[in-house]
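To start, the structure itself, in structure tokens.
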Number of protein chains: 2
Amino acid sequence: MAGAQKKKPTIRDIANLVGVHHSTVSRALDAEQRRKISPKVVRQVENAAQKLGYTPNIAASALRRNRSFAVGVLVPDITNPVFPPILRGIQDVAEAQGYTVIISNTDDAAMKEQSAFRMMQGRAIEGMIIATARLDDPIVEECKRNGIPFVLVNRTVGETGVNAVVVDEDFGVRAALDHLLGLGHSKIAHIAGPLDTSTGASRKRSFEAYMKLHDLDATFVESTKKFTVEEGRAACARLLERGGEFTAIVAGNDLIALGCIDALEAAGRSVPGDVSVVGGNDIPMLSRMVPALTTVKIPKYEMGSQATSILFDSIDGKDRDPLVIRLQPSLIVRDSTGPANR
Amino acid sequence: MAGAQKKKPTIRDIANLVGVHHSTVSRALDAEQRRKISPKVVRQVENAAQKLGYTPNIAASALRRNRSFAVGVLVPDITNPVFPPILRGIQDVAEAQGYTVIISNTDDAAMKEQSAFRMMQGRAIEGMIIATARLDDPIVEECKRNGIPFVLVNRTVGETGVNAVVVDEDFGVRAALDHLLGLGHSKIAHIAGPLDTSTGASRKRSFEAYMKLHDLDATFVESTKKFTVEEGRAACARLLERGGEFTAIVAGNDLIALGCIDALEAAGRSVPGDVSVVGGNDIPMLSRMVPALTTVKIPKYEMGSQATSILFDSIDGKDRDPLVIRLQPSLIVRDSTGPANR
DNA sequence: GCGAAAAATGCACTCGTGTGCATATATGTG
DNA sequence: CACATATATGCACACGAGTGCATTTTTCGC
């Protein structure tokens with residue numbers, strides 16, 4: 001019994017069982033070509049396939065048709081709660097199309113991005129979904145040069161002419177600010193994410209523009225090097241050292257917001273008593289913390305699924321113009337924001 | 001320039017350029033076989049490969065050698081915060097070995113497991129890491145039957161003779177109970193996870209055994225169908241309806257614990273004032289909720305990385321005896337547990 | 001400088017699917 | 001029933017890389 005190493009059945013095995021040529025089996029199993037085969041044979045083939053536990057050898061199919069039925073996904077860190085829902089969106093759509101998804105974590109490090117990209121190229125992926133884009137991104141350049149279809153998700157690049165599914169950042173920032181203004185705040189700070197990412201830079205830009213629109217001072221601004229709690233804490237500490245008199249913070253995302261809350265409480269300021277804090281993205285569980293975080297929720301799953309649909313259109317050669325989809329975020333008001341008391 | 005569709009160069013192109021047979025090129029590029037080829041030719045081949053921008057066609061190689069340099073991972077739901085760290089552990093080890101990881105979500109549904117498994121078989125994965133095992137698991141059976149190397153992670157199956165990296169559940173449950181006993185609790189309930197999973201069943205078994213050891217009543221026990229907040233809430237509600245006088249709950253995992261807290265508070269019982277709650281796994285962010293959850297922390301990343309190392313040993317034919325590694329969990333005491341007040 | 005052993009390379013076939021083209025069988029029409 | 005026309009199936013080769021074996025070339029000992 002040991003090491004029986006049962007060989008996987010092939011279409012030839014099915015062909016022998018049914019008593020037809022393997023090419024007939026190949027056609028019977030292909031939805032496109034099935035109509036060329038008599039219904040009786042199709043049924044027999046399907047039964048035999050079932051009985052033998054046949055699974056197609058994708059490598060062979062990929063070789064013959066010069067398609068891999070695989071797409072690659074570049075993600076900064078799967079451990080960051082924003083990404084798993086996006087990945088689910090990607091996988092659900094991709095697998096429904098018979099595609100395999102290859103995910104790699106890059107930790108936002110150029111070297112890891114490169115090596116992950118090489119690995120995926122070696123696997124002849126038919127397209128890429130890139131969640132790691134910086135405003136000036138070498139991987140995006142390389143995809144363009146090599147003619148590999150790709151779609152950016154969540155973050156985009158500086159230049160135009162690419163496919164991307166992102167959040168309407170301007171809308172989100174305005175919603176957050178409208179909320180704070182409505183509560184009577186006017187001295188509002190912003191802790192931006194990394195400025196070499198579109199999410200970091202454009203939220204900052206929107207913040208400054210909308211503050212200006214309301215004739216408010218937009219000088220309480222700091223930025224972080226990464227979208228992490230620690231960076232948020234440090235940036236908020238810098239802000240506090242500057243000794244400003246702000247009563248609210250719009251944070252670059254939820255993790256940064258948590259850092260802000262840590263720093264504020266360490267400095268003896270209560271949230272939302274002394275300072276209100278708005279986060280971004282709406283990662284799970286933060287509704288259960290105290291104070292429950294007010295945040296700009298983004299449609300993570302949809303971003304993933306839509307990006308993937310676009311990618312498939314692009315792979316299938318439906319070459320429409322480069323498409324940028326901006327999904328609407330929504331403000332979730334919880335307990336980390338309250339009336340200004342000065 | 002449009003649609004130039006440059007065909008990828010093959011070893012035959014290299015062969016023509018250098019003026020040798022393509023089999024020579026194949027050998028020159030294979031570290032194992034390179035010694036059979038004259039150094040001069042090897043150099044020429046490498047230069048030509050470089051010049052043409054040759055990348056091997058993995059599909060062809062996989063087909064011929066029946067090796068894919070890919071491993072499959074079956075996970076219930078990447079969106080559940082326990083899994084991302086495990087996946088990082090897996091990916092970091094696998095990619096360091098030049099392997100690609102293919103992840104699929106099964107939602108603990110037999111049909112999705114089957115189709116994901118088929119897809120991976122089609123890709124000729126060389127091994128599997130299975131985080132979805134139930135005590136009686138058809139996928140595990142199929143791996144065994146087909147001689148596919150595999151390692152279970154987090155959950156294991158009923159039978160012995162398999163590779164697995166799991167948590168020392170007994171130790172964890174005892175630590176939780178010792179903690180509660182030390183706080184003066186004696187009427188302790190348990191909301192188990194699904195009893196067809198090892199984590200659900202063995203935590204329950206350990207609970208009952210340890211309670212018995214202390215001559216305590218272990219009848220306040222309910223179980224859930226899934227490891228979710230909603231299921232935890234429902235199970236705890238059932239427990240409350242039974243009208244028992246318990247002062248503490250050991251929950252099957254953190255999500256179930258959250259459900260318990262919801263149900264308790266809905267019933268007007270405070271945590272930890274009236275009832276203490278201990279969770280399991282230690283998923284991120286729960287240290288920030290109020291009350292911060294006391295939980296049994298498990299080494300997630302290590303489980304993933306160790307499982308992968310074992311898998312590679314198994315793939316490489318280092319056939320040691322089936323290996324079960326039990327990693328030590330640790331109790332993290334936070335605010336959801338307190339002294340018994342009756 | 002001859003012969004044998006060793007090293008280098010070529011040949012031909014394999015892996016499992018897919019597909020254009022040829023052939024065989026069924027269907028329809030007058 | 002003959003003949004044209006669909007319809008169904010078989011045949012053979014392609015895809016790119018890898019490998020056992022045969023063949024050629026080199027090396028080396030005497």
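Remember, it's a predicted structure, so these values are computed and weren't measured experimentally.
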Among residues at least two apart in sequence or on other chains, which ones pass salt bridge (Lys or Arg N to Asp or Glu O under 4.0 Å) with B:Glu95?
none
Check the pair A:Arg123 / A:Ser68 against side chain to side chain donor-acceptor pair (under 3.5 Å), numbers first and verdict last.
CA-CA 7 Å; A:Arg123 301 231 163 236; A:Ser68 62; over 6 Å; no
Applying salt bridge (Lys or Arg N to Asp or Glu O under 4.0 Å), can you list everything that pairs with A:Arg134, at least two apart in sequence or on another chain?
A:Glu113
Rounded distance (Å) that lies between atom P of D:dA14 and atom CZ of B:Arg64
18 Å
Do we see a donor-acceptor contact under 3.5 Å between the side chains of A:Tyr54 and B:Arg118?
no
What closest approach, in Å, do B:Ile37 and B:Ala28 show between heavy atoms, and which atom pair accounts for it?
CG1-N, 4.1 Å
More 5' along DNA chain C: A:Leu63 or B:Val20, using each one's nearest nucleotide?
B:Val20
Can you list the residues that meet the ring pair (Phe, Tyr, Trp, His ring centres under 6.0 Å) rule with B:Phe150, with sequence neighbours excluded?
none
For the helix from C:dG1-D:dC30 to C:dG30-D:dC1, figure out the bend between the end axes, five pairs an end, and round to 10 degrees.
30°
Hey, can you pull the residues of residues 23-41 of chain A with a non-hydrogen atom under 4.0 angstrom from DNA chain C?
A:Ser23, A:Ser26, A:Arg27
So does A:Lys36 pair up with A:Asp30, basic N to acidic O under 4.0 Å?
no
Provide the start and end nucleotides, 5' to 3', of the part of DNA chain C that has atoms under 4.0 Å from heavy atoms of chain B.
C:dA8 to C:dG16
Hey, is NZ on B:Lys51 packed in by over 12 heavy atoms from elsewhere, all under 6.0 Å?
no
Given B:Asp137, B:Ile310, B:Val157, B:Asn163, the one that forms side chain to side chain contact (heavy atoms under 4.5 Å, CB included) with B:Leu152:
B:Val157
Under 3.5 Å side-chain donor-acceptor pair for B:Arg155 and B:Thr132
no
Separation of atom CZ in A:Arg67 from atom C1' in D:dG16, rounded to whole Å:
18 Å
Can you check the A:Ile58 CD1 to D:dG16 P distance for me, whole Å?
19 Å
